Every structure is written in structure tokens, then in C-alpha cells.
K.L.:
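Below is the structure I would like to discuss, written out as C-alpha cells.
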Amino acid sequence: MTGDHQTLALVLFSVFIAVTLGITTWVSRNRHGSAEEFYAGGRLFSPMENGFAIAGDYMSAASFLGISGLIALYGYDGMLYSVGFLVAWLVVLLLVAELVRNCGRFTLADVVAARMSERPVRIAAGTSSVAVSVLYLVAQMVGAGSLVALLLGGTSEAARSWTVIGVGALMVIYVSLGGMRATTWIQIVKAVLLMAGTIALTVLVVLRFHGDVNSLLATAADRSGHGRDFLAPGLRYGGDWTARLDFISLGIALVLGTAGLPHILSRFYTVPTARAARRSVVWSIGLIGSFYLMTIVLGFGAAALIGPAEVRASSASGNTAIPLLALDLGGGAGSTGGTVLFAIVAAVAFATILAVVAGITLASSASVAHDLYSSLRRRHAKKQYSEVTVARFAAAGIGAAAIGLGLLARDLNVAFLVGLAFAVAASANLPVLLYSLFWRKFTTRGAVWSVYGGLVPAVLLVLLSPVVSGSPEALFPGVDFHVFPLQNPGVVSIPLGFLAGWIGTVTSTEPPDEARHAEAEVRALTGAGAV
């Protein structure tokens, strides 16, 4: 990139960082230090505000950079991510949004613990929530590194490393000082910027082809080197039975994983009522749906105007397709329009990453403090720390872990990494959530087995998959200890999570607490007694 690109993009980066730090500082001066304020922003947000914040939380670097990159490289098969992320919201709206808001206070474990023995359930749910959050954070860190590497010419590994460290430091500041209220406003600002940038790019792509979508697709197919196969299923996932099973596994993980993401579930607690939570999801579906439809246009636009070969040369995993597309739409390298549009898109992508990592870090630090610390601390210890204090320390620890893993995984596609996080969420969190809400005979042993029965296989299968070893694109390409053939474990680990919960319940000597289930059911369906 030229010096003009670098200067303008860095100026816009700095402006967004200054604005968000200003929001954080302002919020930190106008709050009291209660857990409800830190975790849920005082439950003061309107459905529209929370809908924009949910959209800002959900439309991550994987969405903006990774999905369009996969479509640019693999055509039809890359669209699976767009469709999967969008369809997942119907599951959230129909099954969990209102019920979770009525049953819980701050975290997933609150919903499950409403009718179980609290300590083992909170430890299990808190552990799985942290695992999912760290996986998701790694994807955002990788996106930040790819973006700034492109901005600085793609030659400096040190620049990518320092970017990952810088993003990690900023997210710890946002969460520690501002809590949920600052994080929410950062996500709202980011959602507006991202939608505006995506709409602008989509309009420019359509205008470039004079509104002829057929021409856009035909040009993309011609430049792909695969001809019409680029527009048909099978380019990435159709080679053999393993690839096809991976396709099914990824689809299941994407559709079911959203309802188990801790940072999405925690957003339902920032509104005053369950009705407001439901309306928040309706707002977010409108924003998210239009956004994912536009990523399809942008992905094929990048294939048609840039070409998969050039995208792959810039980033083997396709993470830089959108910035390259913006550069071309603005007039090409060296043009004023290209410089401005590239810088704006890069700044929007950077804003996306910062906002999402703040939301994920807040949710995971809440799980550490509200679930793990409150369950494991000794009641009679001489020194007791408040949950909010522990959450702030946890944010720093989680930030450090995400930085380390982000540096390790910097060459993987961010949408692919998020697919792994969704698989773990669908395996460990979704079964216990659905069983708790809908199965009268569910017991504490069933809840604990359900979480670990999904979490442990999901993580082990990822470690033993081609993602970690045995392929040129793996985390450790020089060694080969993979025994599991699929890249996404969802097709195996999700059924195991449900099966473990059922086995744990039917073999439990503890009788199900009918009274507590009835109370939880009335509360979930009517909101009576909800916080």
C-alpha cells in the first residue's frame, strides 16, 4: 500500500479509537460499581438500541472479512457461511431469546442453575463459556493482524504481532473501565459504520456491472479459473466424502451455535423485559439479514473485479478481499478515490474487530467472575473480592490468552476459526440450555455431563484434526498427529453433547425437582419473578 493509504487509514483508526475511548471514559464516570451495571448496563437499553448492539456484536471480522474472502476464493461453497449465520437467528428468536431473558440474570449458567445444584452447574457452564469466547476472540485477533498487514504492505510480521497485542490491550481497557454500557455504545456505533460501509460497497459493485447480476456472476466465474463450477456446489466441500461431511458439520455448527454463544446470550439481559428482548432480536434480524445478503454480492464482486489469484496472493485465506475490492472500486492503487475508500473500509473493519472483542471479553469475564469465582471461592476466606473486581482481572487474563493464540493462528481464515467456536458453543452450551428450558426430568448430573460431554470431544477433535497438524495450512504444518479427518467437529460433538445430557439424567440417582422446574417454566413463559 502507498503512504497515502497508510496515513489516511491510520488517521481513521486513531479517530475511532479516540471516540470509543471517550465513550468508555464518559461511561466510567457516570456509573456505580454494581454487578448489574457492569454486566448488563443497568438493563436500560431500548429494543432498537439493543438490536443494533446485537448486530454489532454478531457481525464480526469473520463476517466482513472472512465470508467475502471465502466466496471470492470458492464461490458457491463460501456462501454457506452467509446462509448459516443468518438462519441461526431464527433458532435464537424462536427458542431462546425471551426464555433466557426471563430465566437468567447475567450468564448462561444462571438459566441452568435456576433448577439445579448451583456449584457444579456454574463451574461447568462457566468453563465452556470461557472456552467458546477465547476461540471466538482468536478469530478477531487474526482478522486485525491480516488487516494491518495489508495496510502496511503485507511484509511485516512484527506489525501484525503488535496489532494483535494492541487490539488485546484496547479490549481490556474497554471492558475494565466501561463494562456493558460502554461496550454496548461502541457496538452501536460500529454497527452503523459497518452497515453504511457495506451498503456503499454493494452499491458500487452493482453499479460497476450496471445492475446486471448475471454479468457479475459470469465475470466472477470466468476469472475464477473454474468456469461454471465456481457457481455450483462442491468446489471446497465436494471433493470426497470427508469434504461433504465437513460441509454438513459446518452447516449444523453455524445454525445451532449462535444460540449457545455467551456474548450473544448476555445481550438479552441489557433490556428491561422479555418482550424487549424479543423485539431486540427482530431489529437485529433485519440488520443482520441485509448485511449477510450484501456479503454475497461483495464476495462475488471481489472474485469478478480482483480475481481469486490476486486475493490469494495477498492473503492465502482470503481475509483481505474486501479491502482490495474497495481499492479497485475507488479507482485503483494510487487514485484518490481508491485511497479514501480503502482507508474507510480498513477503519470500519478495525472498528468491527474492536467492538466484537469487547463484547466477547465482557461475556467471558462475567462467566469467570459470576460463575467460576463465585462458586469456587471459600466463603470464610479472610479476603473477599467483589465480582466486578474479579471480572476486570479476568478480562486481562482472557485478553492475554487470546493474544497468544491469535499470534499462533494468524494464517487461518477468520470465518473458518469462528466456525470452530460455533461448533464448541453448539456442542457444550446449546444442549444444556435446551434441556434446562424444555425437559422436566433434567437433573444436575445431566447438566454437568451435557456440558463436558460436548465441550471435551469438540476441543479434542479440533486438536486431532487437520486444523492443528498434518496439512500445509495447519497451525503446526511441520508435524502430523491428526487422526480425525474433519476440520469442523460439529457433526460428532453436537450429538455427543445431547447424548451425554440424556445419559447423565437417566442414570442419576437424584430425583428431578418438579417444583423448581414448574417455577422455572412459569418464569420462562410469563416473566413472573424475572429480574
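Everything numeric in this text was worked out from a predicted model, so none of it was measured. These values consider heavy atoms only, across backbone and side chains, with no hydrogens, waters or symmetry-generated copies.
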K.L.:
Side chains of Ser68 and Thr295: do they bring a donor and an acceptor to under 3.5 Å?
P.N.:
no

K.L.:
Is Ser129 reaching over with its side chain to a backbone N or O of Gly126, donor-acceptor style, under 3.5 angstrom?
P.N.:
no

K.L.:
Taking the side chain as everything from C-beta on, heavy atoms only, tell me whether Leu372 gets closer than 4.5 Å to Arg122.
P.N.:
no

K.L.:
Which residue is it: Val368, Ile360, Ile403? I am looking for the one with a side-chain contact (heavy atoms from CB on, under 4.5 Å) to Ile398.
P.N.:
Val368

K.L.:
Are any of the side-chain heavy atoms of Glu49 and Trp185 separated by less than 4.5 Å?
P.N.:
yes

K.L.:
Could you walk me through whether Leu341 and Leu327 pass the side-chain contact (heavy atoms from CB on, under 4.5 Å) test, one step at a time?
P.N.:
CA-CA 6 Å; Leu341 197 56; Leu327 188 63; over 6 Å; no

K.L.:
For a quick test of reading the model, state the closest non-hydrogen atom pair linking Val271 to Phe45 and the distance between them.
P.N.:
CG1-O, 3.4 Å

K.L.:
Considering only residues two or more places apart or on different chains, which pairs with a residue in residues 418-430 satisfy side chain to side chain donor-acceptor pair (under 3.5 Å)?
P.N.:
Ser128-Asn429, Ser427-Ser493

K.L.:
To the nearest 0.5 Å, what is the distance between CG (Asp328) and CZ (Arg208)?
P.N.:
5.0 Å

K.L.:
Which heavy atom of Ala253 sits nearest to which heavy atom of Ala426, and what is that distance?
P.N.:
O-CB, 4.4 Å

K.L.:
Within the distance-only criterion (no hydrogens, no angle test), does the side chain of Ser249 pair as donor or acceptor with the backbone N or O of Asn488 below 3.5 angstrom?
P.N.:
yes

K.L.:
When you check the side-chain N and O atoms of Tyr136 and Ser364, is any donor under 3.5 Å from an acceptor?
P.N.:
no

K.L.:
Could you give the distance from CZ (Phe422) to OG1 (Thr258), rounded to the nearest 0.5 Å?
P.N.:
4.0 Å

K.L.:
So, does Lys190 use its side chain to make a donor-acceptor pair with the main chain of Ala53 at under 3.5 Å?
P.N.:
no

K.L.:
Any idea how Tyr292 and Tyr58 line up, ring-wise: parallel (<30°), tilted (30 to 60°), or perpendicular (>60°)?
P.N.:
perpendicular

K.L.:
Report the C-alpha separation of Met79 and Phe300 in whole Å, then their side-chain angles, then the decisive distance to 0.1 Å, and conclude whether the side-chain contact (heavy atoms from CB on, under 4.5 Å) test is met.
P.N.:
CA-CA 10 Å; Met79 289 171 54; Phe300 283 112; 3.7 Å; yes

K.L.:
Would you compute the distance between atom CG of Leu21 and atom CD1 of Ile186 and round it to the nearest 0.5 angstrom?
P.N.:
7.5 Å

K.L.:
Drop me the distance from Leu362's CG to Ser367's OG, to the nearest 0.5 angstrom.
P.N.:
9.5 Å

K.L.:
CZ/Phe291 to OG1/Thr198 distance, rounded to the nearest 0.5 angstrom?
P.N.:
4.5 Å

K.L.:
Under the side-chain hydrogen bond (donor to acceptor under 3.5 Å, both in side chains) rule, collect the residues that match up with Ser280, sequence neighbours excluded.
P.N.:
Asn50

K.L.:
Locate the shortest heavy-atom distance separating Ala421 from Leu135; write the atom from each residue and the value.
P.N.:
CB-CB, 3.9 Å

K.L.:
Please give me the minimum heavy-atom distance between Pro308 and Leu73, naming the atom from each residue.
P.N.:
O-CD2, 3.7 Å

K.L.:
Is there a side-chain contact between Ile71 and Ile67 in this structure, where contact means two heavy atoms from C-beta onward sitting under 4.5 Å apart?
P.N.:
yes

K.L.:
What are the two closest non-hydrogen atoms of Ser284 and Ile54, and how far apart are they?
P.N.:
CB-CG2, 3.8 Å

K.L.:
Can you name the closest pair of heavy atoms from Pro489 and Val462 and give their distance?
P.N.:
CG-CG2, 3.7 Å

K.L.:
Working to the nearest 0.5 angstrom, can you tell me the gap between Leu204 CG and Leu325 CG?
P.N.:
8.5 Å

K.L.:
Taking the side chain as every heavy atom from C-beta outward, state whether Thr127 and Val451 have any pair of such atoms under 4.5 Å apart.
P.N.:
no

K.L.:
Side chains of Arg279 and Ser46: donor-acceptor distance under 3.5 Å anywhere?
P.N.:
no

